[in-house]
Novice: 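Take a look at this one; I'll ask things after.
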Amino acid sequence: MNALSIAFRVLRVDRRTRTSAFLTAVGVAVATSLVLLLLGLPYAVDAREERVAWQNKAEQTLVDQRQDAPALIKISTDRFGDQEIGRLDVALTGKGRLDLPPGVTRLPGPGESLVSPALAELIDKQPASSLGERFGKVVGYIGSAGLRHDDQLFALVGQRVEDMGEDALPISDFTTSAYYTDYDLELLAGVGLVVLLVPSLVLVASAARLTATRRERRLAAFRLAGATPQQVMAMVVAELAIPTVVGVVLGAAVNPLVRMWASEVPWDGSEWHPSDLAAPTELVVGAVVCLPLLVIGAAVFGLRRVVITPLGAMQRTPTKPLSWLRVLALPAALAVFVVAAQLGAGNMVVLGALATLIGSATVVGPWVTAAVGRFLVKAWRGPAGLLAGRRLHTDPKAAYRASSGVVLAVFVGAMALTLLPTLESTDFGPPEPTFAPSTLRLNATADQADKVVERIDDRLTRYGQQERAVRLDNAVVNDANGAPYPAYIGDCKEAAPLFGLSPQVCLDQPAVYGVGGTPVSLDAEYDQSTFPLPKGVATADLPRPVVLVDRELVPEGFKATASLVAVATSDTDTDLIRTAMVAGSAGAEVFSDVDMVASGTDRLDELRRITAIGIVIAGLLAGCSAAIATAGAVMDRRRTFGALIAAGTQVPVLARTLRVEAALPAIIATVGAGVTGTIVGVVLVSLIENAPAVVLTPWLLAPVVVGVIVAVLAGSVCGPALRRVRQEPLSDE
Amino acid sequence: MVADQRSMVQEVLAPPAISGRHLVKNYGPHRALAGVDIDVRRGEAVAIVGPSGSGKSTLLHVLAGIVPADAGEVCLAGSRIDELSEARRSELRRSEFGFVFQQGMLVDELTAEENVALPMLLGGTSRAEAMQAARYWLDRLGLAGRHRSMPGELSGGQAQRVAIARALAHRPTVVFADEPTGQLDSRTGAEIMDVLLEICAETNAAILVVTHDQELASRATRSIRIRDGRIESAVLTA
Ligand SMILES: Nc1ncnc2c1ncn2[C@@H]1O[C@H](COP(=O)(O)OP(=O)(O)OP(=O)(O)O)[C@@H](O)[C@H]1O
Ligand SMILES: [Mg+2]
């Protein structure tokens, strides 16, 4: 009889082995689909960016001579409400040939546009002045081959060459390839691989352990009957290979579903095409081959005791108390992390240091587990505390192993959630705002600025708006000491509202505002021919960090090169004014400080969401392993519990006790890991130079939620498991 | 003297601690008990002997209400208990009965005293009270030095003593013991049996003990032989 046929026979006869095999297969399937997804992530950005390379300013191939270019383009980001709209303005020069970008069947002429289906839908729902008029006449759609994802808001707008301005890009062709590496996402995928793979493997391990006692006994019987260690090993491998192979195949099969679900999670401002998340074939094959080897290897390692000595599993050796030196591992790892951070934090360094921290958790964890056990053994009040304490105390390593998945996820998650807002908030928006947050602005060349202002005002009048566009020219003011100040030229009374100030801050005579010393001259740009300002010019300060020169003071012959056209808005009319500005400027990028903060917040939200999703998945996996381990623990002690029930202990009382027994370590583990993770996060933040105060957000509660999920899942199986115990005859086994 | 006689009379007239009438139990087509009548008085020790599969364990389980009978009556101190709800019956098992099984069935992770205290704790007794009772009974069973020992560190006989302490700690009126010495050598088995009988006599409990060992059976007040679910013979031994 070969090993495989014995394995199949055992599977057919023994119900518990079947359950264990089923759970093992599920665990392996989950691990497989997660690994395949995470392996695909680093390539996903590549795939997505390739599709939308033509929408991206940085990717374009430019021609040296503007007049040789077949087309001029301008790429900008527009906003509607809190949604971003991508925009590409194109003007055909009539020279040379231009290939169409993906997903586009023809290029729009001046006054026409092609829009993505989602944008078309949005336009239809809004009054034209709020949105539609920004794009001209919609003459067609952009197909999904040219979009980041199917819900992307994007417009390809046709323009006349003369409206394109100096800053338009002369392109030879639309780019179709991107060389883009998203290091953040690679880091996330790497961390995710560790943080999610560990709980998956713990799940597999606890599923396999469900029959361990019984299997150990069976294998010991085989050994006593004269089977060689190799033969026994072959049986173990065969018994595990069946569910593992099934699980891997299942995991690979559900991968498209997982991709579909994951494609809804935004990164870099947008969702995905499910196909973006597909890993390259070589990696898929590699994973499908390696995972079973990993799982079987781990199981064989776990059973080596039995193989070495047939009686080994039956004997219990008293456990040595764990050395308190283990506690030092955490500060040591923290020190490594700090040194690594000081040496310059490349991704590999951060990952390595993170791995050290995670590694230290496996050293410290069992000691803490034992300590908690010791405490409970001393302090218990009811049977649940007694049972839980004794379990933790007797075999802290095994107890910690069972909860290591959730500990890891919560630890990393709490740390990340503490670090994220702090790291991100360091580069939010301009440090000291010059403009009022909602003031909309666009850059224009000085030549075009007046025309743009006029067109915007026309539209604003047409829309019945009170606001008017204000032109500010960029300039440099030099003071008596020769220190240059970047400045705007404008009319103070007009400009004051743009900065959120009342016109009353302006002097009644023309003045230079915001220069500390005596302003003496004016330049269009740095280091240019200097135009002297009138002697004894009036000066004043503004309650904003801005230098403003009244237009009346501008010396004869001075010519600005770059201008800013700005409109002060109230929050209610932003979309209308945007429309006026975008349409009036033939598609210039309109921006405000609110947008900058908003896009910073987007990335932060994405990171938090992904972190939270990661923790929840890890938590669910950990919960399942905990539940399986709990069921196993009940089944392993079934004879005792059977006897207690026979002696009159009520099943609900026992179930409640065992529920608490199972939940207590899970809750302690989660809370402990969460608190430690937060503390480590705070320590790390404090090491960052002039980092802002730690922001304790409600997101930090995510680990606690996970802890509750795990505890509930772990405890929930006690009842059914006990009922099974009761149904079995007392004399079983 | 008069008082003594009166109490003896009362004892004879009082209903048996536990009694079964015409007990029948079928497992599918197989008849495990085929009409068994049994009475056990307080202070009396009854040994149940018989070949394997004859229905000894089944009789114990039916009397204790762990397994319902298909026909017949079970009375505790004269009142029917087989018609009670499961909740009431398990309450009775907790308060009136004590159980000792073939193997200790101790929780591996708990110390000896904690194992003894566990049923009381589950029943809502406070820690201090349960642990005190546990220590008392361990001392009574000659395990004074082994309160903190783990089951893995105890010999088979010691583990069985712990199990007996657990069964007696709440002072039951009826003790059921299913082959309590089955795993032990005959000397230790005899020792365990003596302790069990001695303490039951002292607490005036009724005891039913299943055993394969004739020598041990002869230490009981009387022994009942079962074959194929019927009482074959009853012998008064003491
Ligand atoms: N749960 C059950 N399901 C089906 N048959 C059972 C069950 N329990 C016992 N039996 C059958 O009832 C008969 C009596 O069993 P019981 O366990 O009472 O025997 P026993 O006298 O205790 O035997 P032993 O000395 O081997 O313990 C046996 O034939 C057994 O096969
Ligand atoms: Mg029996």
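Here the structure is a predicted model, which is why all the values come from computation and not from measurement.
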Novice: Tell me, out of Glu91(B), Arg93(B), Glu86(B), who's got the most heavy-atom pairs with chain A below 4.5 Å.
Specialist: Arg93(B)
Novice: Which bit of Met150(B) is near chain A, if near means a heavy-atom gap under 4.5 Å: side chain, backbone, both or neither?
Specialist: side chain
Novice: Would you mind listing every side-chain hydrogen bond (donor to acceptor under 3.5 Å, both in side chains) that reaches into residues 109-120 of chain B, with sequence neighbours excluded?
Specialist: Arg390(A)-Glu114(B), Arg391(A)-Glu109(B), Thr111(B)-Glu114(B), Glu113(B)-Arg135(B), Glu113(B)-Arg148(B)
Novice: Salt bridge (charged side-chain N to carboxylate O under 4.0 Å, His left out) with Glu191(B): which residues, sequence neighbours excluded?
Specialist: Arg161(B), Arg187(B)
Novice: Looking at OG1 of Thr394(A) and CG of Leu110(B), how far apart are the two atoms once the value is rounded to the nearest 0.5 Å?
Specialist: 8.0 Å
Novice: Could you tell me whether Arg80(B) atom CZ has more than 12 heavy atoms of other residues or ligands within 6.0 Å of it?
Specialist: yes
Novice: Evaluate whether atom CG of Asp139(B) has more than 12 neighbouring non-hydrogen atoms of other residues, nucleotides or ligands under 6.0 angstrom away.
Specialist: yes
Novice: For Phe641(A), give me all partners under ring-ring contact (aromatic ring centres under 6.0 Å, His included), at least two apart in sequence or on another chain.
Specialist: none
Novice: Considering residues, nucleotides and ligands other than Arg230(B), do more than 12 of their heavy atoms fall under 6.0 Å from its CZ?
Specialist: no
Novice: Do any of residues 374-386 of chain A have a heavy atom less than 4.5 Å from a heavy atom of chain B, and if so, which, in residue order?
Specialist: Val377(A), Lys378(A), Ala379(A), Trp380(A), Arg381(A), Pro383(A), Leu386(A)
Novice: Quick one: CG on Leu118(B) to CG on Leu387(A), what's the gap to the nearest 0.5 Å?
Specialist: 5.5 Å
